[in-house]
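Notes follow once the structure below has been shown.
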2 protein chains.
Amino acid sequence: MPTPTNLTINASRLWDSLMELAKIGATAKGGVCRLTLTDLDKEARDLFASWCKAAGATISVDRMGNVFARRAGRDPARAPVMTGSHIDTQPTGGKFDGAYGVMAGLEVLRTLHETGVETEAPIEVAVWTNEEGARFAPAMMGSGVFTGIFKEDEIKAKTDRDGVSFGEALAKIGYAGPEPCGGREVGAFFECHIEQGPILEADGKTIGVVTGGQAQRWYEANLTGQESHAGTTPMERRRDALLGAARLIDMVNHIGITHLPAARATCGVIEAQPQSRNTVPGRVFLTVEFRHPDEVELKTMDETFRAQAARIASEIGLALDIQEIWHFPATPFDADCIAAVRAAAQSRGYAHRDIISGAGHDALYMARVAPTAMIFVPCADGISHNEIEAASAGDLAAGCQVLLDAMLHRANAPG
Amino acid sequence: MPTPTNLTINASRLWDSLMELAKIGATAKGGVCRLTLTDLDKEARDLFASWCKAAGATISVDRMGNVFARRAGRDPARAPVMTGSHIDTQPTGGKFDGAYGVMAGLEVLRTLHETGVETEAPIEVAVWTNEEGARFAPAMMGSGVFTGIFKEDEIKAKTDRDGVSFGEALAKIGYAGPEPCGGREVGAFFECHIEQGPILEADGKTIGVVTGGQAQRWYEANLTGQESHAGTTPMERRRDALLGAARLIDMVNHIGITHLPAARATCGVIEAQPQSRNTVPGRVFLTVEFRHPDEVELKTMDETFRAQAARIASEIGLALDIQEIWHFPATPFDADCIAAVRAAAQSRGYAHRDIISGAGHDALYMARVAPTAMIFVPCADGISHNEIEAASAGDLAAGCQVLLDAMLHRANAPG
């Protein structure tokens, strides 16, 4: 592996750009509300494009509104080394989720521009449309169409709560570009992001070397017993659906604990019927989800869950229906891209550790079409999707420095 | 104890009257919808009054609309021996809940009338207004005002969902009577009722000798943890309010089981926040209720619940708030009235057992002002408050026979 270059990003410029971008849609509580394809989104896109042009890059926009700022390489035949993220936010979002990955890419362009360093492969910074999925569902639409996971026509027909279609909204802000979405080679993809979890902070690490994304299995469970009078029905004659759900919830949590440290096991939604204080509940709907980076481990969790759930239901005399409604495969990142990130962190002397991405990111889709890795930095208390989301200027700069080093490694590697 | 008389009630007449009454508000599924103070309620009251008059009784109505059919005794100075129940129903009620107790009282009047048997004390059959609480809350309004538990003015001001007050509705059907409600002596009170639970049927018994009503403690529990991302938050760093609620539910059930056979322990309502599939729940609201005929046992259940709940919350790092919102005291019935019921069942050769009332009944209020007992008969599968509610003509007749015998015992006992 070649020694990382000695180019250094400008930490203050990165921070100032993040704060400047955060003014667009700033909320009273210090957060940002910049929903996708709104006038605020357009304003942020325009600002990004103007900054990139000033740094010598060329802007193109594809039919999904994904924006690409390209800096030419010495070899125009080589596929670009790309970075990027998103600049749309949750309704009560923070300053860093997505924005950090885009501003880090901008800082890479600026550093290369001001030093005049040339790369073999072109460098691109992408702004993916509607990562959050807050206005139009599902999430990660721009990268999803780019990587062939979603169909452009179907995505453009999706409507928000006011009945406005994605396609209409995109055209209205002037970002329905002429370029085809996807179908072109990407040499490598890197994405900087705040962790959105507590692990790096708790472990005293500055850089998370993201080795992949978790596989996920999502379920809906329906338990059916017998509604009965809470005063007249003896304990031993009850078929209490809520008691069954309670034991399922505890069991799901136990499965998570027995597959530490990587496993996640969560019951998020519960609906009991008939919701009467003095009636034994007859029916419960419960959502369950498991996550693990290893499909084999996840399958074991699935099997344990189904067997234990059947036993619990049988003990209480409940009918049980479990439907797996979603299976998102494990996303291992590219070994060389991961190594480049780890080597950069090591070389720069940043405390680092390997980590799995628990949340969804555009990079998880990009990993299907290009060698990919991610760089995490800590966020305060692991809090994200919240106006109080916070990250330190030093950590953000460190992540950006690792990004620059890793991109240079890929862009200058033998073609 | 004097030997029960050899008077025999007319089983067919009792059944026919029940079926005739059930036509008023009959539903397509074989049940009855006869909400309190509606035109159907008036029609049923009028029918009851006409039947009682034909059996030689005198009708009076008090200011709460409670109807009393009185048959004179030889000693007009003695307080009446009373029976009765209610003829209002749930919106999807059955033919027997309440109606049985009133028709059994009518059958007592008819049997005495046709045989010309005189009693020392007067006999009265009461129809209590709004036992169900389905149209106007709370339940058991008529007996509640009669026994001084509720204030007449406050009850009359209660409104239904259409804004109609109890007082207006009572006047509209012509049952705002002139008599004061309560304040007069009742020598004894008996009430026949279907069990509304599964115990007698499962135990092969015809008569339940009801020894009292359960004490109840109702609670609201709020558990507060931390909402967090289901993908990025490690298991060991979660403060999952739903996990805490699950352990509370299982623990509440365990408390019920450790105080068998009389205890009841139920969690009826659960509300989790934010109800998102991929968010660890941060807050849960849960209702809990315990019932036991023995206040000391119930207090033990209460103490165990509070201690265990605190331990569970502490283990998961949750804030816990438990409020006791209602404490209904245990209602032991009168020893002599219970003995009269038991002796009658024994003498008539009916399989019988002692039983505690798990549900609310007018008799539980009457027990505060008069020597009281109840007579339960089985209902199919323990189902009540349902259009499929069912009871056998033979069991209903047996209960009515026990009622007659017990009332005669009290009415002819030395004054």
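The chains referred to below are lettered A, B, ... by the order of the sequence lines, with proteins before strands, and numbering in each begins at 1. These numbers come from a predicted model, not from an experiment.
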- Task: Would you mind telling me which of Q273(A), E195(A), H259(A), R237(A) has the largest number of heavy-atom pairs within less than 4.5 Å of chain B?
- Result: R237(A)

- With respect to chain A, which residue among A272(B), G197(B), S276(B), G256(B) yields the maximal number of heavy-atom pairs within a distance under 4.5 Å? S276(B)

- Which one, E289(B), M235(B), Q196(B), Q226(B), leads in non-hydrogen pairs under 4.5 Å with chain A? M235(B)

- Message: At a 4.5 Å cut-off on heavy atoms, which part of A265(A) comes close to chain B: side chain, backbone, both, or neither?
- Response: both

- Message: Quick check on P234(A) against chain B: is it the side chain, the backbone, both or neither that has a heavy atom closer than 4.5 Å?
- Response: both

- Query: Given the rule in the side chain to side chain contact (heavy atoms under 4.5 Å, CB included) test, do E271(A) and Q275(B) qualify, once you have shown the distances and angles that lead to the verdict?
  - Reply: CA-CA 9 Å; E271(A) 291 167 4; Q275(B) 291 286 73; 3.9 Å; yes

- Message: Is I199(A) in contact with chain B via its backbone, its side chain, both, or neither, using a 4.5 Å heavy-atom distance?
- Response: side chain

- Message: Heavy-atom pairs under 4.5 Å with chain A: which of V252(B), I257(B), T233(B), V288(B) has the most?
- Response: T233(B)

- Atom group of I325(A) that falls short of 4.5 Å from chain B, counting heavy atoms: side chain

- Query: Looking at I356(B), D240(B), N253(B), which has the largest count of heavy-atom pairs under 4.5 Å with chain A?
  - Reply: N253(B)

- Query: Counting distance only, does the side-chain N/O of R264(A) pair as donor-acceptor with the main-chain N or O of A230(B) below 3.5 Å?
  - Reply: no

- Query: Where does T232(A) contact chain B at under 4.5 Å (heavy atoms): side chain, backbone, both or neither?
  - Reply: both

- Report the option among V280(A), N278(A), I383(A) that has the most heavy-atom pairs separated by less than 4.5 Å from atoms of chain B. N278(A)

- Can you say whether E220(A) sits under 4.5 Å from chain B via the side chain, the backbone, both, or neither, judging by heavy atoms? side chain

- Query: In this structure, which one of R238(A), R277(A), H229(A) forms a side chain to side chain donor-acceptor pair (under 3.5 Å) with T266(B)?
  - Reply: R238(A)

- Among G358(B), G382(B), A263(B), G231(B), which residue forms the greatest number of heavy-atom pairs with chain A at distances under 4.5 Å? G231(B)

- Contact leader toward chain B among I270(A), I355(A), V284(A), where contacts are heavy-atom pairs under 4.5 Å: I270(A)

- Query: With respect to chain B, which residue among Q214(A), R247(A), E236(A) yields the maximal number of heavy-atom pairs within a distance under 4.5 Å?
  - Reply: R247(A)

- Query: So, for A246(B) and D250(A), which heavy atoms are closest and what is the spacing to 0.1 Å?
  - Reply: CB-N, 4.4 Å

- Message: So for L260(A), is it side chain, backbone, both, or neither that comes closer than 4.5 Å to the heavy atoms of chain B?
- Response: side chain

- Task: Taking all heavy atoms of G268(A) and all of P281(B), pick out the closest pair and write down the distance.
- Result: O-CG, 3.8 Å

